[in-house]
Amino acid sequence: MSICDKLIDLRIMLTTACDGFSVENGSKDTILSTRTKVLHLLSGRDMTPAELIDVLGVAKSNLANLSKSMIEDGVIESYKNADNMRNVYYRVCDKGLEELRDYKKALSNILCGKLKNCIDVEENIDRIIMALRGE
């Protein structure tokens, strides 16, 4: 997992834990939107709407509107598993992975440009994530 993946995980945790969390001096390219969170989560594995709602803490109607828009934009797609035709799953498309890569590049350029040693930061982020997860 890259440092950007870890930072996104941390920011999702912080956003969920701290209502109103904002990015200090954040540019439009590095503000972590729910759309980017969905792309990040789906880049790890396909998920059901219920799983996304649980992780993101968003209303079902908000996720439905967002997923519809993201499907229309071609960044995610929905499908039904042949083993269980009742459940809908979402997966990220190549266009979505490209959007996520662009986000990570912008984030990395800003953060690593300001930090002397990204490796030390990455190790500390691992410790923070583990602590937040109770590990």
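Note that the structure is a prediction, hence the values are computed from the model and not measured.
Note that the CD atom of Glu77 and the CG atom of Asp94 stand 9.5 Å from one another [nearest 0.5 Å]. If you take CG on Leu63 and CG on Asp54, they are separated by 11.5 Å, rounding to the nearest 0.5 Å. With rounding to the nearest 0.5 Å, the separation of CG in Leu41 from CD1 in Ile8 is 9.0 Å. Note that OG of Ser78 and CZ of Arg91 are 9.0 Å apart. Values are rounded to the nearest 0.5 Å. Rounding to the nearest 0.5 Å places OH of Tyr103 at 8.5 Å from SG of Cys4. To the nearest 0.5 angstrom, Glu51 atom CD is 8.5 Å from Asn87 atom CG.
With contacts defined as side-chain heavy-atom distances shorter than 4.5 Å, the pair Tyr79/Asp46 qualifies. Counting heavy atoms from C-beta outward, Leu56 and Val38 have side chains that approach closer than 4.5 Å.
Looking at residues two or more places apart in sequence or on another chain, you find no side-chain hydrogen bond (donor to acceptor under 3.5 Å, both in side chains) involving Thr34. Applying the side chain to side chain contact (heavy atoms under 4.5 Å, CB included) criterion to Asp5, with sequence neighbours excluded, gives Met1, Ser2, His40, Lys104.
The shortest heavy-atom contact between Met85 and Lys80 is O-CD, 3.0 Å. Between Gly74 and Cys93 the shortest heavy-atom distance is O-CB, 3.5 Å. Nearest heavy atoms, Ile53 versus Val58: CG2-O, 3.3 Å. Across all non-hydrogen atoms, the minimal contact from Lys95 to Asp73 is NZ-O, 2.9 Å. Leu97 approaches Ser43 most closely through the heavy-atom pair CD2-CB, 3.9 Å.
No continuous path of ILVMFWY side-chain contacts below 4.5 Å connects Ile76 to Tyr89, so the two sit in separate hydrophobic clusters.
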For this session: Run the numbers on Leu52 and Lys37 for side-chain contact (heavy atoms from CB on, under 4.5 Å), then give the verdict.
Result: CA-CA 10 Å; Leu52 287 170; Lys37 293 175 192 178; over 6 Å; no
Exercise. Do Val55 and Met47 pass the side-chain contact (heavy atoms from CB on, under 4.5 Å) test, and can you show the C-alpha distance, the side-chain angles, and the key distance before you say yes or no?
Worked result: CA-CA 10 Å; Val55 172; Met47 298 177 79; 4.1 Å; yes
